[in-house]
Each structure stands twice: as C-alpha cells, then as structure tokens.
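Data first, discussion second: the structure below is written as structure tokens.
Below, chains carry the letters A, B, ... as their sequence lines are ordered, and counting in each starts from 1.
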There are 2 protein chains.
Amino acid sequence: MELAQAKLKFIEAWGKLGSEWGINRTMAQVHALLLISPEALTTEEVMDTLNISRGNANMTLRDLISWGLIEKQHKAGERKEYFFADKDTWNIARQVAKERRKRELDPVLKILGELTKVEGDLNDPEFKTFNKSVTDINKLAKNVDKTLDTMLKAEENWFWGSIFKIFK
Amino acid sequence: MELAQAKLKFIEAWGKLGSEWGINRTMAQVHALLLISPEALTTEEVMDTLNISRGNANMTLRDLISWGLIEKQHKAGERKEYFFADKDTWNIARQVAKERRKRELDPVLKILGELTKVEGDLNDPEFKTFNKSVTDINKLAKNVDKTLDTMLKAEENWFWGSIFKIFK
DNA sequence: TTAAACTTTCAATAATTATTGAAAGTTTAA
DNA sequence: TTAAACTTTCAATAATTATTGAAAGTTTAA
C-alpha cells in the first residue's frame, strides 16, 4: 500500500470509529490527520486535505482543543495559527476518558443518585424492580467513576500496565 | 419524587446516555423501560408507554435481542410475545462490551494490522510519524481487545471485583 | 382451509445533526 | 489610523439517521 493511500485509510477508519462512539466524524478525522502529521498544520491545510469548509475546520479544531487532544502553535514571524496533536496514546485515552466522564458520566451519576433516594413500598413489585435496577446501575456507575478517577490521576501508566500484566 | 415520575426520568436519562455513546436513543429507552418492569411487556405496552410506532417498537425490540440485552417470553394460552430484560448489570456491561467489540473494535484492529505493515523510509518524517502513530494505536487497541476478551470469558465478576478492590 | 391475531417490512417522511460560506470580528504591521 | 491577514460566528441548507404506518407476511385455532 502507498503511504498516501494508507494515510487516507487511517483517517477514514478513525472517523468511522469516532462516529460509532458518538464523536463527530469530522472531528475524529481532523484528529487522525494531525496524529499522522509530523508538522503542525494550518486551518487551510486541514480544509484542503479533508475537503471541509473554513467554518467547519475552525469549529472542529476549537473542539479538539477543548477536548485537550490538540494544541495551537505559533511560528515566529507568521500570523497563521498552526495545530498539532498530542501523539501519546496514553494521553489521548486519558483525555477522552476525562472529557466523557465530565460531560456524560457525571450528569448520569447525579440523576441516579436522586433516583436511588425515591421511596416506596418494597412489597410493590413495581417499586421493588425499579429500586433494584437503579441501585445496581448506580453501583456500577460509581465503580466506573472511581476507576476512571484513579486512572486519570495516575501520572504514569502503571495502572493499565499492571492490569495488562495479569493477562499476559 | 413519585415513582411514575422517577421511572420517566430514568428512561430519559438512560436514553440520553445511550445516544451520547452511539446507541439509538429509543433502543436505550426501551431497554430502560424493560429494566424497571417487574413483568415482561408486550410490543403494544412498549409502544404505548414510550409513544412510538409499532414498526419502531418491533425493530427496536429485535435489535435489543440481537444485542443479547432482552429476551422473548411466551405465556401459555396466549399468542402475544412478551419481552423482558436481563437485570444483572454485570451481564449488561458484558453484553454491550461483547457486541461493540465485535461490531467496531474488530474491524478497526483489522485495518490497523494492515496499516502497520505499510513499508517506507524511516528517514522520511511523513512515514516515520505515520508509522509511529499507527503502531502505538495498534498496541493500545490490542491491549483493549485482550482485556475485553479476558473480561468476557470470565464467568464470574472476579475481574472487576479484583480491580475495584484496589481502589477501596 | 380460513380468518383472526399477531409480527415484520420498507418506502415515505420527519427529526436530528453536520456543514457551508459569507459576513462580522479581531489582530497586527506599518 | 488603516487595511491586510487572519479567525469566528451563525442562519441557511445539506446530509444523515430515526420513525411512521400501512401493507404484506406468518402463525394458530377451529
């Protein structure tokens, strides 16, 4: 396979994976493009490579910055902004986990917390089933939350390292 | 909060979470409804509770069955099909992980495998960056795959149990 | 067989989400 | 100041995804 071809394939695959996990396809593609670029790129270059509009490129790049996945760079004597991606997979996984926890897990935990407090008659099967499911899911969610918290705080990747070791 | 109200809130929250993770909102809502139902429900009951059409209810229920999250039940002397959800959170997490691995991770692993084989000149920064990113992501993906594999094979929840114990 | 009681399919449509592109805004150099 | 070089915004529109509902299909009892 040609390098140019392989690059396109990577961008496409990353974009598809992103969209299946609720991340904007274009955002994932821009991220993929920057991941395999040795140099930081301008908005213009991103637009041209992926055939997207200036507005889209601008918003997507800003989004990626807010996710902590890419950074701006300024070159001396130039006014253009350049963008480059953090290429450490551990950091990428960490950033994504961090953002999704904040944006999605936290609100759900809040609601589950309220719902576990709903009172009722345990002899009522309707209430009993509701209560059991909510309580169980709340437990799982809390465990996931706690695990992510620890994982995010770990400065090294000792955490995954130690887990993966178990299965070697 | 009233039980009826709390149920709606749970269905809504579950649906929202699903949609943020690339799972059809209605599918997640139907799943939520069955999770908190003590009795198996008919297509009709699902339609009425969630205000969705017969076609939608039918397709969604079949989807949930193919995800291994709900099951059909037949009541003696009746022709209607009843549906109920597996209420064990561990099984739910396991089923979702299993399906997503099959549907999404596997194809990506296949592509990454091909892309790591692309050959080129390591003095070419374009190739070098591409190769490094692809190789690193491939490693991460393989680790995730291996971990899921082990987790899915575990008949008991000793796996999460032992992990969560670390953080108590 | 038949017809009632159900389930499934799928083209049309609605709802949602992503994208465009031009106009407005901002920054910098001279 | 000004104007060129850039970035950002956002209403309009396009693309995608989900839903409807009626028609077709299937199963069962008699």
Side-chain angles (χ1 to χ4, degrees), chain A residues 11-12 14-34 40-67 69-84 100 103-104, chain B residues 11-12 14-34 40-67 69-84 100 103-104:
Chain A
I11 291 169
E12 194 192 315
W14 205 239
K16 194 168 171 237
L17 189 67
S19 73
E20 284 164 340
W21 285 86
I23 285 157
N24 184 304
R25 197 176 116 269
T26 301
M27 183 167 144
Q29 288 184 333
V30 171
H31 185 225
L33 173 62
L34 292 176
L41 303 180
T42 61
T43 302
E44 206 91 5
E45 287 169 313
V46 170
M47 285 166 61
D48 292 350
T49 313
L50 301 178
N51 284 301
I52 60 175
S53 71
R54 183 172 301 284
N56 196 1
N58 177 268
M59 289 184 76
T60 298
L61 287 166
R62 274 191 300 131
D63 255 13
L64 282 167
I65 289 174
S66 86
W67 275 73
L69 294 173
I70 69 171
E71 284 176 45
K72 276 190 193 176
Q73 196 176 54
H74 285 280
K75 294 205 178 175
E78 283 197 61
R79 291 196 45 193
K80 273 203 191 79
E81 292 177 333
Y82 287 77
F83 302 89
F84 69 98
R100 299 208 81 153
R103 295 176 193 211
E104 294 146 25
Chain B
I11 291 169
E12 194 193 315
W14 205 240
K16 194 166 170 241
L17 188 67
S19 73
E20 284 163 341
W21 285 87
I23 285 157
N24 183 304
R25 198 177 114 268
T26 301
M27 183 167 145
Q29 287 185 333
V30 171
H31 184 226
L33 172 62
L34 293 176
L41 302 181
T42 62
T43 302
E44 206 91 5
E45 287 169 314
V46 170
M47 285 166 59
D48 292 350
T49 313
L50 301 179
N51 283 303
I52 60 176
S53 71
R54 183 173 301 285
N56 196 3
N58 179 268
M59 290 184 76
T60 299
L61 287 166
R62 274 192 300 131
D63 255 14
L64 283 168
I65 289 173
S66 86
W67 275 74
L69 294 173
I70 68 171
E71 284 174 46
K72 276 190 192 175
Q73 195 175 55
H74 285 280
K75 294 205 177 174
E78 283 197 62
R79 293 200 39 196
K80 273 205 192 77
E81 293 177 331
Y82 286 77
F83 301 89
F84 69 98
R100 299 207 82 151
R103 295 175 193 212
E104 293 144 27

task: Flag the pair A/E20 and B/R100 as a salt bridge only when some basic side-chain nitrogen lies within less than 4.0 angstrom of an acidic carboxylate oxygen.
output: no

message: Under a 4.0 Å threshold between the charged nitrogen and the carboxylate oxygen, would A/E44 count as salt-bridged to A/R54?
response: yes

Side chain of [X]: nearest nucleotide among [options]?
{"X": "A/M59", "options": "C/dT7, C/dG21, D/dT9", "value": "D/dT9"}
{"X": "A/N56", "options": "C/dT20, D/dA18, C/dT7", "value": "C/dT20"}
{"X": "B/R79", "options": "D/dT28, C/dT7, D/dT7", "value": "D/dT28"}

[X] [atom1] to [N] [atom2], straight-line distance once rounded to whole Å:
{"X": "B/E20", "N": "C/dT16", "atom1": "CD", "atom2": "P", "result": "15 Å"}
{"X": "B/I52", "N": "D/dT20", "atom1": "CD1", "atom2": "P", "result": "7 Å"}
{"X": "B/R54", "N": "D/dA24", "atom1": "CZ", "atom2": "C1'", "result": "14 Å"}
{"X": "A/M47", "N": "C/dA22", "atom1": "CE", "atom2": "P", "result": "12 Å"}
{"X": "B/D48", "N": "D/dT20", "atom1": "CG", "atom2": "P", "result": "12 Å"}
{"X": "A/R25", "N": "D/dT17", "atom1": "CZ", "atom2": "P", "result": "9 Å"}

- request: Could you tell me which nucleotide pairs with C/dA11 by Watson-Crick or G-U wobble geometry, both distances under 3.5 Å, or answer none if nothing does?
  value: D/dT20

message: Only pairs with both distances under 3.5 Å count, Watson-Crick or wobble alike; so what is the partner of C/dT28 in this structure?
response: D/dA3

field: Touch class at under 4.0 angstrom, heavy-atom based, for A/D63 against every strand present
entry: nothing

Counting just side-chain N and O atoms, does [X] come under 4.0 Å of either OP1 or OP2 of [N]?
{"X": "A/N58", "N": "D/dT8", "value": "yes"}
{"X": "B/N24", "N": "D/dT19", "value": "yes"}
{"X": "A/T43", "N": "D/dC6", "value": "no"}
{"X": "A/R62", "N": "D/dT9", "value": "yes"}

- prompt: Starting at the 5' end of DNA chain C and moving along, which residue's nearest nucleotide shows up first, B/E81 or A/M27?
  reply: B/E81

- prompt: Does CD belonging to A/E12 count more than 12 external heavy atoms closer than 6.0 Å?
  reply: no

- request: Indicate whether any N or O donor in one side chain lies under 3.5 Å from an N or O acceptor in the other, for B/N58 and B/R62.
  value: yes

- request: Map B/I23 and A/Y82 onto DNA chain D by nearest heavy atom, then report which one ends up closer to the 5' terminus.
  value: A/Y82

task: Kindly indicate whether the side chain of A/K72, heavy atoms from C-beta on, has any atom under 4.5 Å from the side chain of A/F84.
output: no

